[in-house]
Trainee: 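Could you have a look at this structure, given as structure tokens, before my questions?
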Amino acid sequence: MSIFGAINTAVSGLDAQSKAFSNLSNNIANSQTTGYKADTTAFENYVTGDEDFISAVGGDDSIKAMTIQHNDVQGAITSSTNSLAVAISGNGMFNVLQAAGGANSASPVYNSQQYYTRNGDFSVNANGYLVNTSGDFLEGYAVGSTGSVAGTAAPIQVTGLNTPSPTTTLTLNAAIGDTAGDVSTNTSTATAYDASGNAVPVTLDWAQSGSNPLDWTVGVAGSGTTTPVTFNSDGSLASVGGSTSSGNASITVPATSTTEARAMTLDLGTIGSSNGVNLASSSAGVTSNPIMTTDSKTPTGVTITSAGLVEKTYSDGTTDPVAQIKLAMFTNANGLASTDGQNYTATPASGPVTYETVGAGAAGTLDTSSIEGSTTDLTGDLSNLIVAQQAYGANTKVVTTADQLMQTTIAMIQ
């Protein structure tokens, strides 16, 4: 190899070690980044194929550095105080989109590019969308009331987190009067909620309808109509609206200007029983201005189950399904193109994406309230950094030595 060849080889070594420095520093910087996959550097000898050059100057060897991705390496899963953080234990990836505009609006505009990530540290933004720490919107499939999954993947939005669910049924369980007739009127109230979550006051006016203390009427304040309600001598419910059919008794609360633009059902209890509306044996047992209960539920937040089901939770412990997460799979995950925010895009080398149900095959399972840590081997990378530094310094020595040889050669002809 000529002096010039030695310089060229050393320069290629400097470039290769610079690439190694870049990869190592990136790994070290992201040692605490959720879902980060550490890269390694592979060095490859490169020999020119020019036979005339080889015969003339002895050839020119050089080195080339390549970045090797390890997207298929599982990171350590650790618990998180974030209840919406989920970590994938397997080969799957979350499907996410980035907002092109209006990221903080109720209807963001999204880029057409599909992204995939292992960053499952999600939270709910101001408009109910699930986003990770990179600001990317998690996609899922809509879930119906029967649990069926339909449609195409879309950013998951949980609405109505600050408003109770609409009221459909009011329930009254109280003694509104007494069999002796000492209490002849009463009022029961409730706070219902309309479809928009607005509070709506509902008032029922109870009154004896005649001389018989067992005969009453009930009317919704503002409706202008009443319904006859009679009781047995023991105070139990005898009839509602003239019906004595056994079983549950109810009336319709009509829509009025003081209620809402739809009717609700008032559950009065069971005919022949005192487990709902009843009469006490004396005035001492009468409930004054009783409060009706409603079936409205107060939202308490959002959860993601280990099966990838996004649910809206309520104060009574019930849940409503919102969306189902599916995981993206690739034949060659190491062929994905890396982008900002721990995101990847599909390439011909990765193969096309397929979508798998959480827990199916190699896609993996989800660990709730957990995050996947970086795969950076901090100790190993710091050691390799020292090796790369020494190699870089050695290549600079080659350059300076070759320069000295050239100076000596030039001096021979002076």
Trainee: Holding to side-chain contact (heavy atoms from CB on, under 4.5 Å), I want the full list of residues that pass it with Ala85, two or more places apart in sequence or in another chain.
Mentor: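 Partners of Ala85 by the side-chain contact (heavy atoms from CB on, under 4.5 Å) criterion, ordered by chain and then number, come out as Ser80, Asn82, Asp121, Ile371.
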Trainee: Show every side-chain hydrogen bond (donor to acceptor under 3.5 Å, both in side chains) that has at least one partner inside residues 263-272, sequence neighbours left out.
Mentor: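 Non-adjacent pairs meeting side-chain hydrogen bond (donor to acceptor under 3.5 Å, both in side chains): Asn248-Asp267.
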Trainee: Checking Thr376 now: which residues fulfil side chain to side chain donor-acceptor pair (under 3.5 Å) with it, not counting sequence neighbours?
Mentor: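 Testing Thr376 for side chain to side chain donor-acceptor pair (under 3.5 Å), a comparison that skips the adjacent residues, returns Ser374.
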Trainee: Hey, are the side chains of Glu139 and Gln114 touching, using non-hydrogen atoms and a 4.5 Å cut-off?
Mentor: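 They are in side-chain contact.
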Trainee: Any ring pair (Phe, Tyr, Trp, His ring centres under 6.0 Å) involving residues 70-98? Give me the pairs, sequence neighbours left out, ordered by first then second residue.
Mentor: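 Checked against ring pair (Phe, Tyr, Trp, His ring centres under 6.0 Å) - neighbours excluded - the pairs reaching residues 70-98 are Phe94-Phe122.
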Trainee: Any donor-acceptor pair under 3.5 Å linking the side-chain atoms of Asp72 with those of Asn334?
Mentor: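 Yes, Asp72 and Asn334 have a side-chain donor paired with an acceptor closer than 3.5 Å.
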Trainee: Do we get Lys326 above Tyr141's six-membered ring, with its NZ or CZ under 6.0 Å from the centre and within 45° of the axis?
Mentor: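 Judged by the rule, Lys326 and Tyr141 form a cation-pi pair.
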Trainee: Between Asp39 and Asn26, is any side-chain donor less than 3.5 angstrom from a side-chain acceptor?
Mentor: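 Side chains of Asp39 and Asn26: no pair found under 3.5 Å.
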Trainee: How would you list all residue pairs meeting salt bridge (charged side-chain N to carboxylate O under 4.0 Å, His left out) that involve residues 101-120, not counting sequence neighbours?
Mentor: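 Checked against salt bridge (charged side-chain N to carboxylate O under 4.0 Å, His left out) - neighbours excluded - the pairs reaching residues 101-120 are Arg118-Glu372.
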Trainee: What pairs meet the salt bridge (charged side-chain N to carboxylate O under 4.0 Å, His left out) rule with one or both residues in residues 106-115, with sequence neighbours excluded?
Mentor: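 Those involving residues 106-115 do not exist here.
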Trainee: Within the structure provided, determine whether Thr227 and Thr217 are in side-chain contact (heavy-atom separation under 4.5 Å).
Mentor: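 Side chain of Thr227 against side chain of Thr217, heavy atoms only: no contact under 4.5 Å found.
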Trainee: side-chain contact (heavy atoms from CB on, under 4.5 Å) with Ala190: which residues, sequence neighbours excluded?
Mentor: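 With sequence neighbours excluded, Ala190 shows a side-chain contact (heavy atoms from CB on, under 4.5 Å) to Leu170, Met292, Thr294, given in chain and number order.
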Trainee: Just jot down the side-chain contact (heavy atoms from CB on, under 4.5 Å) partners of Thr300, sequence neighbours excluded, or say none.
Mentor: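 side-chain contact (heavy atoms from CB on, under 4.5 Å) check on Thr300 returns Thr313, Ser315.
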Trainee: Are side-chain N/O atoms of Asn95 and Tyr115 paired as donor and acceptor at under 3.5 Å?
Mentor: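 No pair is found: no donor N or O on one side chain lies under 3.5 Å from an acceptor on the other.
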Trainee: Mind checking what makes side chain to side chain donor-acceptor pair (under 3.5 Å) contact with Gln208, not counting sequence neighbours?
Mentor: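 Per chain and number, Gln208 pairs via side chain to side chain donor-acceptor pair (under 3.5 Å) with no residue.
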Trainee: In Å and rounded to the nearest 0.5 Å, what is the OG1 to CG distance from Thr189 to Leu204?
Mentor: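 Output value for this atom pair is 8.5 Å.
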Trainee: Taking side-chain contact (heavy atoms from CB on, under 4.5 Å) as the definition, give me every residue that meets it alongside Ser338, ordered by chain and number, with sequence neighbours left out.
Mentor: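 In terms of side-chain contact (heavy atoms from CB on, under 4.5 Å), with neighbours along the sequence ignored, Ser338 is linked to Gln69, Tyr344.
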Trainee: Going by atom type alone, with no hydrogens or angles, which donor-acceptor pairs under 3.5 Å involve a side-chain atom of residues 175-183 and a protein atom two or more places apart or on another chain?
Mentor:
| from | atom 1 | to | atom 2 | distance (Å) |
| --- | --- | --- | --- | --- |
| Asp178 | OD1 | Asp182 | N | 3.2 |
| Asp178 | OD1 | Val183 | N | 2.7 |
| Asp178 | OD2 | Ala180 | N | 3.1 |
| Asp178 | OD2 | Gly181 | N | 3.1 |
| Asp178 | OD2 | Asp182 | N | 3.2 |

Trainee: With sequence neighbours left out, what residues match Asp295 under side chain to side chain donor-acceptor pair (under 3.5 Å)?
Mentor: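 Asp295 satisfies side chain to side chain donor-acceptor pair (under 3.5 Å) with Thr168 once adjacent residues are dropped.
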